[in-house]
Every structure is written in structure tokens, then in C-alpha cells.
Amino acid sequence: MDTQYEPSNPLSMPFDCFEYDSEKDAFPIREHWHYFSELLMAEEGTLMVQQGDTLHRVTPGEILFINPQNHHSIDSQNGEHVRYLVIKLDLNQLSEIPSYAPDLRTMMLEAERLRIPMHLSAKDVSEYHMDFMVRQCVQECTEQQYAYDLKVRALLYLIATALVRILIRDGFSAEPGTTKADPLYSITHYVDQHIRENLKVEELARYCGLSYPWFARRFREMYGIGCKEYIEKVRISKVEHYLLFTDYDLRYISRETGYADCSHMIKDFRRLMGTTPGQFRQERKKT
């Protein structure tokens, strides 16, 4: 087992936003890697981030974007106190990005291949209002008020757009390059887009060009749960959003979320949520 690998569970949310303080939290951060992207914004003190062979000195107001699977460690300059904001996100699961938009992950990988700096100056961060958006993401995830996840998603789209615009301004082409991403990176997006269908793990493995055993193993390693369980929970998450934000009846919702019939949806919802869809909707209306 790779001791430098940091597992993640992107199922309930495709992002995690929080503040890190070297006086309160374990620090420094040893060398590690993960399958999600990571954005660091220094607030107090200077971060010393070793990313591969490059040492980034991230001062207050600056942002460092770290691509998936990049080994990195985090320390402070001369052991000083540091406080910084962190956003961890799976770009593939932010599936509301329009289909005509360039594939963000492919663009990020191509930028990394070409060694285009992902270290943004405080001036750029301020001009594109990324500092405000990052702070808002952390605040929303901390307070978790009504529909906070929708607001964070919207902010993440704005942050990603600002990042790509800065890269394009500096000469990076918006057209996808020759870098080919691991097909497992995009399988969660595929599942989200085809959730109305009768998805089978064997077919997803073939879509990725992998054998079923190898696909199942790698999926669990990457996402922390089995693919079948992932599909099931994505469906329940979709059902939950329909119940919260629409007045569609249960038969319509079951069709739109890929269930063979309404009773199957109700059974799964009760097992995973501890209540029926009807009871869930009524309780949320009261609050």
C-alpha cells in the first residue's frame, strides 16, 4: 500500500472547504498525493509547498493550485505560524458545467504537462476576486446553511473560470491538448450524466477499457467505495434534490433517477436515509 496516498470520499460532496491553522492542526503536512485537485490560499504566514522538484513560496493573498496525483508537502517558512484556506474538489463531479465548455481536467493536465505555473500572484487573485470566492466557500461549508452546497458549486465554477482565464491570458490554449487522462477520472461524470439509465458496472468497465475485476479494484481505491454502491448513492442524492426543490411526484422522480419502479426507489431511500421520500419531503417543508 502506498503510504503517501491520501484517500478521499467524494460521494456526499465533490468538494471540501476548510481553514487550516498550524497552531491548531497537525503541521507540517508530510509528502502525500491524492486523486482530487487542491487549492491553497495563504492568509497568514508564508507556506513552503514542495511540489515534485519545485518549491513554491506562497505568501498571503496568493493561491497555489495542485493537480491530481502530484506529490506535495506543506511547511512554513522558518517554522512560523501559518493559516491558510483549502479547497479540495473533484472537477469531474461538478457535472453542471455545460457540455460545450472545454474539459477542465484535460486543460489542467495539459497545463501541468507544459509546466505552466499554477501559482497565482496576490494581484491576480484580487483582480479576479478569487480571494473573496475562496473565503465564501470556506464560510459556506463551515456554517452549512440552507442550500450551501449549491452556493459552493456556483463559487467553484467561478473560481475554475477565473483560473482558466488567467492561464489563457498568459498564453495557454483553451483547446484540449494531447494529454490523455485516466478514463476513471471521468467515470463519475459519465455516471451522473447517464443516471436515468440502467447502469451496470460491467458496462462501465468496458467504457473505460478495463476488465471488470481491475475496474472494480481501481474504482474502490480511487473513490473509497464500490462502483455499484456509488451509483446507488448518486441516485439517492438525485432523489433528495428532486424532493427538496421540485413538486414532482414519486413516479416521475423514480423514472428520472434510473429506478425500475417507484417501490424500489422508496425501499432504497428508506434504507439509506432512514425515512420514506414522502416523510422526507414533508419534514423539509416544515423547516
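Any value given below was found using the heavy atoms of this structure, including those in side chains, with hydrogens, waters and symmetry copies removed. Numbering of residues begins at 1 and proceeds along the displayed sequence.
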Asker: Check whether more than 12 heavy atoms from other residues, nucleotides or ligands sit under 6.0 Å from atom OH of Y212, and answer yes or no.
Answerer: no

Asker: Verify the cluster assignment for Y84 and L155: are they in a single hydrophobic cluster under the rule of side-chain heavy atoms below 4.5 Å apart?
Answerer: no

Asker: Using distance only, find each side-chain donor-acceptor pair of residues 118-130 under 3.5 Å and give its atom names and separation, not counting sequence neighbours.
Answerer:
residue	atom	partner	partner atom	Å
H119	ND1	H56	ND1	3.4
H119	NE2	E62	OE1	2.9
S121	OG	D124	N	3.1
K123	NZ	E127	OE2	2.7
D124	OD1	R169	NH1	2.9
D124	OD2	R169	NH2	3.0

Asker: Check the pair S237, E240 against side-chain hydrogen bond (donor to acceptor under 3.5 Å, both in side chains), reporting the backbone distance first and the verdict last.
Answerer: CA-CA 5 Å; S237 177; E240 183 179 357; 5.1 Å; no

Asker: Of all heavy-atom pairs between C227 and F215, which one has the smallest distance, and what is that distance?
Answerer: SG-CE2, 3.8 Å

Asker: Are the side chains of I74 and F27 in touch, meaning some heavy atoms are under 4.5 Å apart?
Answerer: yes

Asker: With side-chain contact (heavy atoms from CB on, under 4.5 Å) as the test, would you mind laying out the steps for V134 and I159 before giving the verdict?
Answerer: CA-CA 8 Å; V134 171; I159 291 172; 4.0 Å; yes

Asker: Okay, side chain of T46, backbone of V58: is any donor-acceptor separation there less than 3.5 Å?
Answerer: no

Asker: Output the distance between atom CG (L39) and atom CG (L64), rounded to the nearest 0.5 Å.
Answerer: 8.0 Å

Asker: Does M133 share a hydrophobic cluster with F65, counting links as ILVMFWY side-chain heavy atoms below 4.5 Å and allowing steps through other members?
Answerer: yes

Asker: Which atom pair, heavy atoms only, marks the closest approach of W214 to L210?
Answerer: CD1-CD2, 3.6 Å

Asker: Taking all heavy atoms of R235 and all of L199, pick out the closest pair and write down the distance.
Answerer: NH2-N, 3.8 Å

Asker: So do R57 and T59 actually touch side chain to side chain, heavy atoms under 4.5 Å?
Answerer: yes

Asker: Could you check D16 against I87 for side-chain contact (heavy atoms from CB on, under 4.5 Å), going step by step and ending with a plain yes or no?
Answerer: CA-CA 6 Å; D16 191 14; I87 295 179; over 6 Å; no

Asker: Within a strict 4.5 Å, meaning less than it, do heavy atoms of the S73 and R30 side chains meet?
Answerer: no

Asker: Counting neighbours of CZ on F245 that are heavy atoms of other residues, nucleotides or ligands and sit closer than 6.0 Å, is the number greater than 12?
Answerer: yes

Asker: To the closest 0.5 Å, what do you measure between CZ (R153) and OH (Y157)?
Answerer: 5.5 Å

Asker: Does any non-hydrogen side-chain atom of I266 lie less than 4.5 Å from one of L250?
Answerer: yes

Asker: Go through the structure and list residues passing salt bridge (Lys or Arg N to Asp or Glu O under 4.0 Å) with E44, not counting sequence neighbours.
Answerer: R83

Asker: Any link between I225 and I236 through a network of hydrophobic side chains (Ile, Leu, Val, Met, Phe, Trp, Tyr) touching at under 4.5 Å?
Answerer: no

Asker: Linking I/L/V/M/F/W/Y whenever any side-chain heavy atoms sit under 4.5 Å apart, do V164 and L89 land together?
Answerer: yes

Asker: Passes salt bridge (Lys or Arg N to Asp or Glu O under 4.0 Å), K238 versus D192? Steps please.
Answerer: CA-CA 9 Å; K238 298 284 186 182; D192 188 87; 2.9 Å; yes

Asker: Among residues at least two apart in sequence or on other chains, which ones pass salt bridge (Lys or Arg N to Asp or Glu O under 4.0 Å) with K151?
Answerer: E140

Asker: Under the salt bridge (charged side-chain N to carboxylate O under 4.0 Å, His left out) definition, can you give me all pairs with a residue in residues 264-281, not counting sequence neighbours?
Answerer: E232-R271, D268-R271

Asker: Parallel, tilted or perpendicular for Y190 and H194, by the 30°/60° rule?
Answerer: parallel

Asker: When rounded to the nearest 0.5 angstrom, what is the spacing between CD in E229 and CZ in R220?
Answerer: 7.0 Å

Asker: Is a side-chain donor or acceptor of Q282 paired with a backbone partner of R284 at a separation under 3.5 angstrom?
Answerer: no

Asker: Nearest 0.5 Å, please: how far is CZ in R196 from CD in E256?
Answerer: 4.0 Å

Asker: Keeping the roles fixed (side chain from Y148, backbone from C137), state whether a donor-acceptor pair exists under 3.5 Å.
Answerer: no

Asker: Is there side-chain contact between I253 and L243, with at least one heavy-atom pair below 4.5 Å?
Answerer: yes

Asker: Counting C-beta onward and ignoring hydrogens, is there a side-chain heavy-atom pair between I231 and I195 closer than 4.5 Å?
Answerer: yes

Asker: Let me see the working for F18 and L85 under side-chain contact (heavy atoms from CB on, under 4.5 Å), right down to the final yes or no.
Answerer: CA-CA 6 Å; F18 54 92; L85 305 183; over 6 Å; no

Asker: Would you please test F36 and F15 for side-chain contact (heavy atoms from CB on, under 4.5 Å) and show each step?
Answerer: CA-CA 9 Å; F36 51 83; F15 54 79; over 6 Å; no

Asker: Are any non-hydrogen side-chain atoms of Y207 and E203 less than 4.5 angstrom apart?
Answerer: no

Asker: Below 6.0 angstrom between ring centroids: does that apply to H32 and H72?
Answerer: yes

Asker: Nearest 0.5 Å please: distance from the NE2 atom of H264 over to the OG1 atom of T257.
Answerer: 10.5 Å

Asker: Measure across E43 and P60 and return the closest heavy-atom pair with its distance rounded to 0.1 Å.
Answerer: O-CB, 3.6 Å

Asker: Which atom pair, heavy atoms only, marks the closest approach of C17 to V152?
Answerer: SG-CG1, 4.1 Å

Asker: Starting from Y242, can I reach L244 by hopping between I/L/V/M/F/W/Y residues whose side chains sit under 4.5 Å apart?
Answerer: yes

Asker: Please list, chain by chain and in numerical order, all residues satisfying salt bridge (Lys or Arg N to Asp or Glu O under 4.0 Å) with R255, sequence neighbours excluded.
Answerer: none

Asker: Going by the angle between their ring planes, with limits at 30° and 60°, are F280 and F269 parallel, tilted or perpendicular?
Answerer: perpendicular

Asker: Under the salt bridge (Lys or Arg N to Asp or Glu O under 4.0 Å) rule, collect the residues that match up with R206, sequence neighbours excluded.
Answerer: none

Asker: Does either side chain, that of S76 or that of E80, offer a donor lying less than 3.5 Å from an acceptor on the other one?
Answerer: no

Asker: Heavy atoms only: give me the nearest I66-Q51 pair and the separation to one decimal.
Answerer: CG2-NE2, 4.0 Å

Asker: Can you tell me how far apart CG (D25) and OH (Y20) are? Round to the nearest 0.5 Å.
Answerer: 4.5 Å

